[in-house]
Structures are given as structure tokens and as C-alpha cells.
Visitor: 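My structure is below; once you've seen it, I'll send some questions.
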Amino acid sequence: MLTFSIAQWQGWAQGIDSPSDWLEWAEHPFCPLENQNPPRLDFLPPLQRRRLSPLARGVFECAWPIAEGRPAMPLVFASRHGETTRNFGLLQALAGDEPLSPTAFGLSVHNAIAAQWSIIRRETTESVALSAEDDGLEHAFIEASLLFDAGHADVLVVLAEERPPAPYSPWVDDAPYSYALALHLRPGADWTLALAPQAPHAGDAAQAWPNPLNLLRHLLLRTPDWRHANRSRLWTWTRTA
């Protein structure tokens, strides 16, 4: 069982820009599909902005306000699918027997966003990039707890997905829209996260929303406890303070 405190959070999705917007979404969830315009990131120079993909821009939009003005924190970045749009462009180039862009190839790897974060912020602390099933959120918290055990008092956890290109839709159904969630975690006992000893059963219904945003809903609605199940694991979240 893990114990921790959530000191701060920041979310981004299309048209949901403020804490009051997120509270309204938590109370009446909806799927913001109208426009998929990435954040502007006016706090970065134009040259740095241009190198960031829409997924990376979502990460920077929600993580930068948490990290700004603070000592460097280790970063745990988790995304199940990663840079689907950039990777799809590379696959199209291969299918068309066209040369690959070295820049696009270099920025398509799963830890590229974590590397860009380190380079742009000039931080040399640890970073971890994860890809897991639909419980990547819980695995990111495990990584954060390991960083606490290593002596760190603050960890930045970022979860992000982008709405994949249309050809992926028969296989990718867990990213209905682009989003990012950043969480500043500290050692503490405000929350517990436990892996159930038994496998999920039929009564453990699937969530209607991506797991990181489901966490954000429960944070805003002050839910005392809830469970998250996938095909092989059952997680229990409990608010203790």
C-alpha cells in the first residue's frame, strides 16, 4: 500500500482552462471534441514552442505553473500511447517510400517529452517515462513513491494522451480527446493507494472517462474512496484526510 499527499494539481483539456471549469466538468462531465487546438504556451520563446508537439504542449501547459519558481523536481511522465500523431506521420512516410525526418524520428520516442522538459527548464534531476495499460496512473504513483524512498521530498507526475489519428480508432478507444494532468506529490498520509489481492470481477465496471481525469473528478468532488479495475488489476484509492 502506498501513502502520499497531493500538494497541487493542474489540468488541461480543450476549452477547460480554470479550476472552476474543471469543477463544472467534474460535476457534469462532457467530451470536448469541437476543436483540438494545442495550448499557446506564451511563456516559452517561439523557437522552443515550435519544437513541441500538441501532446508536449499539453504537458507543458499544466506542468509549468506547478514547477515554476520551485527547485527542480523529479518528473514521472506517463502516457499509454505517446506521440501517436507524430508516429503516424512517420509510418505514412515509410509507406510512401519517403525519407524520415530525423527531428520527427528523434521526438517520437516515448521519453522525448521528458527530455524536452529537462532541456527547456535546464533541469538535470531524474525523469521516468512510462507506458502501461489503462492503469498507467497507478504505476506513475508507484514510481513517485520509489523516488520518495530515494530521498526526494517532491515529485512531479504528469499524465497525458492525445486524441489519435482517425485510422487508429478501431484499436484505440481510451483517448476520446487530448488532455494532460500534472500533480505535485509529496510524502504524506492524506491518500492511500492499494492493489487488491484478488483479480477484478464482473461487478467492477469500466470507467466512463480516462483514468487520470477520473482521479481529477474524485479530487474535485472529494470522493472518500473509489476503485479502478482493468482486465487484471484492481486498485483502491482512499482519502484519509
Side-chain angles (χ1 to χ4, degrees), residues 6 8-41 52-66 76-89 110 113 130-141 157-183 200 202-223 225-231 233-235 237 239:
I6 301 174
Q8 191 178 358
W9 64 266
Q10 187 84 21
W12 175 82
Q14 192 68 49
I16 309 177
D17 302 315
S18 66
S20 60
D21 290 339
W22 279 111
L23 178 58
E24 183 178 354
W25 178 88
E27 294 172 340
H28 309 285
F30 62 93
C31 189
L33 291 178
E34 291 79 8
N35 298 304
Q36 294 291 316
N37 297 320
R40 291 177 52 85
L41 304 185
L52 296 176
S53 67
L55 181 65
R57 284 176 173 244
V59 169
F60 274 69
E61 176 73 8
C62 64
W64 196 275
I66 291 178
V76 179
F77 168 72
S79 175
R80 183 176 185 180
H81 305 291
E83 295 275 10
T84 53
T85 299
R86 199 187 291 275
N87 283 314
F88 186 64
H110 202 71
I113 291 177
L130 300 178
S131 175
E133 292 188 7
D134 60 347
D135 57 354
L137 168 66
E138 286 83 1
H139 285 86
F141 275 60
V157 173
V158 184
L159 300 308
E161 299 290 352
E162 66 175 338
R163 189 182 180 193
Y168 286 121
S169 57
W171 300 278
V172 179
D173 60 0
D174 60 336
Y177 50 88
S178 301
Y179 68 86
L181 173 64
L183 301 133
D204 296 313
Q207 297 175 160
W209 306 103
N211 195 28
L213 296 188
N214 198 54
L215 167 63
L216 183 50
R217 285 194 69 226
H218 290 305
L219 286 177
L220 289 164
L221 300 177
R222 299 199 59 80
T223 309
D225 59 79
W226 69 93
R227 299 197 299 182
H228 172 224
N230 67 6
R231 294 178 300 174
R233 290 177 289 274
L234 176 63
W235 302 90
W237 295 77
R239 186 192 298 265

Visitor: When you check the side-chain N and O atoms of Asn211 and Asp134, is any donor under 3.5 Å from an acceptor?
Guide: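 The answer is no; no qualifying pair exists.
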Visitor: Write down the atom of Pro54, the atom of Glu162, and the distance for their closest heavy-atom approach.
Guide: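 Answer, listing the atom of Pro54 first, then Glu162: CB-OE1, 4.4 Å.
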Visitor: In chain order, what residues pass the salt bridge (charged side-chain N to carboxylate O under 4.0 Å, His left out) check against Asp174, with sequence neighbours excluded?
Guide: Arg80
Visitor: Are any non-hydrogen side-chain atoms of Arg217 and Pro29 less than 4.5 angstrom apart?
Guide: yes
Visitor: Might you point out which heavy atoms bring Ala26 and Leu221 nearest each other, and give the distance in Å?
Guide: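 Ala26 and Leu221 have their closest heavy atoms at O-CD1, 3.7 Å.
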Visitor: Could you list the residues that satisfy salt bridge (charged side-chain N to carboxylate O under 4.0 Å, His left out) with Arg40, not counting sequence neighbours?
Guide: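 Counting only residues at least two positions away or on another chain, Arg40 forms a salt bridge (charged side-chain N to carboxylate O under 4.0 Å, His left out) with Asp42.
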Visitor: Okay, side chain of Trp25, backbone of Ile16: is any donor-acceptor separation there less than 3.5 Å?
Guide: no
Visitor: Is the closest side-chain heavy-atom distance between Leu216 and Trp209 below 4.5 Å?
Guide: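 No; the side chains remain at least 4.5 Å from each other.
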Visitor: What are the two closest heavy atoms between Pro167 and Pro170, and how far apart are they?
Guide: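 The answer is O-CD, 3.3 Å.
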Visitor: With sequence neighbours left out, write down each residue that passes ring-ring contact (aromatic ring centres under 6.0 Å, His included) with Tyr179, or none if nothing qualifies.
Guide: none
Visitor: Without hydrogens or angle criteria, can the side chains of Thr84 and Asn87 be said to hold a donor-acceptor pair below 3.5 Å?
Guide: no
Visitor: Which residues satisfy the ring-ring contact (aromatic ring centres under 6.0 Å, His included) test with His139, sequence neighbours excluded?
Guide: Trp235
Visitor: To the nearest 0.5 Å, what is the distance between CH2 (Trp22) and CG (Leu213)?
Guide: 5.0 Å
Visitor: Only one of Leu215, Ile66, Val158 clears side-chain contact (heavy atoms from CB on, under 4.5 Å) with Leu183; which?
Guide: Leu215
Visitor: Ignoring hydrogens, what is the shortest heavy-atom contact between Ala78 and Gly136? Give both atom names and the distance.
Guide: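 Distance-wise, the nearest heavy atoms are CB-O, 4.1 Å.
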Visitor: Considering residues at least two apart in sequence or located in another chain, which fulfil the salt bridge (charged side-chain N to carboxylate O under 4.0 Å, His left out) criterion with Arg86?
Guide: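 Testing Arg86 for salt bridge (charged side-chain N to carboxylate O under 4.0 Å, His left out), a comparison that skips the adjacent residues, returns none.
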Visitor: May I ask you to test the Leu130-Val76 pair for a side-chain heavy-atom distance under 4.5 Å?
Guide: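 Yes; the side chains approach each other to less than 4.5 Å.
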Visitor: Which heavy-atom pair separates Gly58 from Ala180 by the least distance, and what is that distance?
Guide: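 Here Gly58 and Ala180 meet closest at O-CB, 3.4 Å.
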Visitor: Above 12 or not: heavy atoms from other molecules or residues under 6.0 Å from CD of Glu24?
Guide: no
Visitor: Contact between Asn214 and Trp237 at the side-chain level, heavy atoms closer than 4.5 Å - yes or no?
Guide: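 The answer is no, as the side chains (C-beta and beyond) never meet within the 4.5 Å cut-off.
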Visitor: Roughly how far apart are Arg57 CZ and Leu41 CG, rounded to 0.5 Å?
Guide: 5.0 Å
Visitor: Taking all atoms of both residues into account, what is the closest heavy-atom pair of Trp9 and Pro19, and its distance?
Guide: CH2-CA, 4.5 Å
Visitor: Taking the six-membered ring for Trp, are Phe77 and His110 parallel (under 30°), tilted (30 to 60°) or perpendicular (over 60°)?
Guide: tilted
Visitor: Compare all side-chain heavy atoms of Ser53 with those of Pro38 and state whether any distance is below 4.5 angstrom.
Guide: no
Visitor: Who are the salt bridge (charged side-chain N to carboxylate O under 4.0 Å, His left out) partners of Asp135, not counting sequence neighbours?
Guide: Arg233
Visitor: As an exercise, state the distance from CZ of Arg163 to OG of Ser169, rounded to the nearest 0.5 Å.
Guide: 9.0 Å
